[in-house]
Amino acid sequence: MALCRSLVHFNSPLQRIHTATPLFPNCPRRLRKFTSLSLPAPFSTLSTSSMDSPPEGYRRNVGICLINPSKKIFAASRLDIPDAWQMPQGGIDESEDPRNAAIRELREETGVTSADILAEVPYWLTYDFPPEVREKLKKQWGSDWKGQAQKWFLLKFTGKDEEINLLGDGTEKAEFGQWSWISPQEIVDRAVDFKKPVYEEVMKAFSPYLD
C-alpha cells in the first residue's frame, strides 16, 4: 500500500528515569526462523483510519519502532511464545494521549527512557485477530475485540544498550525473553503473519529514517 499521507515529526526528549534492575542477555545475532505461529493469508489484513477516529470494534493500541544510531530496529521475543518476535506495543488507557502511551509502554516493556520521538504515522493501522487468538484474548481481557487499531511512533534510542531491561520498569509483568537490533526486513520477516501487513506499512512510513 503506497503511503499517501505525511508523517508527523517530533524532536522532544523523553524524561530520563534511572533504574537498577537485572538485564536479560542479548539474543544471538542469528534469530531462529519463525514457524510456530504462521497463519493463513486471509488473516493478513490491513486497513487505515483517521488519526482521531479509530474504527469501531478495535482495541486502541500504540506501536513503537525504536531505532539505534546504526538504524537497526529493536525487536524482542515473547516469553509465552519464544519464536514470536515483535516491536514494543500496548493498549492506550482511557483518555490517554497516544504519544504519552507510546512513551509509557516503551518504559514498561523495555526500561528505556533515553529516546527521542522522531515521527508518527498520522493515521490508524489495524489488524484482525485470527479466531484462536481472538478467543484467547477474549478470556484474558474480558472484551471481544475484532483486532487492534494502532498508532505508530518512531523513536531514536539515545542511551546505551545496558539501559535496556526486559523486566521493564517493574510496574507490569515482563513480556519478553530476548532482544536484538535487527534490520527493517528482518522485523517484517519475523513478525506473525497477521501483523506483517502493518509492519510492512510502518517500515514504508518510516523509511526516510531507516535508509
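Keep in mind it's a predicted model, so treat the numbers as computed, not measured. Each residue takes its place number in the sequence, starting with 1.
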> Hey, what do you get for CZ (Arg104) to CD (Glu172), rounding to the nearest 0.5 Å?
Replying inline: 7.5 Å

>> Would you call the rings of Phe194 and Tyr127 parallel, tilted or perpendicular, taking 30° and 60° as the class edges?
In response: tilted

>> For Gly63, is there any backbone N or O sitting under 3.5 Å from a side-chain donor or acceptor partner on Glu105?
In response: no

> Rounded to the nearest 0.5 Å, what separation is found between the CG atom of Leu154 and the CD1 atom of Ile73?
Replying inline: 8.5 Å

>> Before you tell me yes or no, could you show the steps for Ile67 and Leu118 under side-chain contact (heavy atoms from CB on, under 4.5 Å), namely the whole-Å CA-CA distance, both residues' side-chain angles and the distance that decides it to 0.1 Å?
In response: CA-CA 10 Å; Ile67 61 173; Leu118 299 179; 4.2 Å; yes

> Do you know which two heavy atoms are closest between Gln86 and Tyr199, and how far apart they sit?
Replying inline: CB-OH, 3.3 Å

> Listed by chain and number, what are the salt bridge (charged side-chain N to carboxylate O under 4.0 Å, His left out) partners of Asp97, not counting sequence neighbours?
Replying inline: none

> Can you tell me if CD on Glu56 sees more than 12 non-hydrogen neighbours from other groups inside 6.0 Å?
Replying inline: no

> Do Trp152 and Val198 come close enough that some side-chain heavy atom pair is under 4.5 Å?
Replying inline: yes

> From Phe176 CZ over to Ser77 OG, what is the distance, rounded to the nearest 0.5 angstrom?
Replying inline: 8.5 Å

> Can you tell me how far CZ of Arg60 sits from CD of Glu96, rounded to the nearest 0.5 angstrom?
Replying inline: 8.5 Å

> Can you check side-chain contact (heavy atoms from CB on, under 4.5 Å) on Lys160 and Ser114, steps first, answer last?
Replying inline: CA-CA 9 Å; Lys160 296 183 178 180; Ser114 300; over 6 Å; no

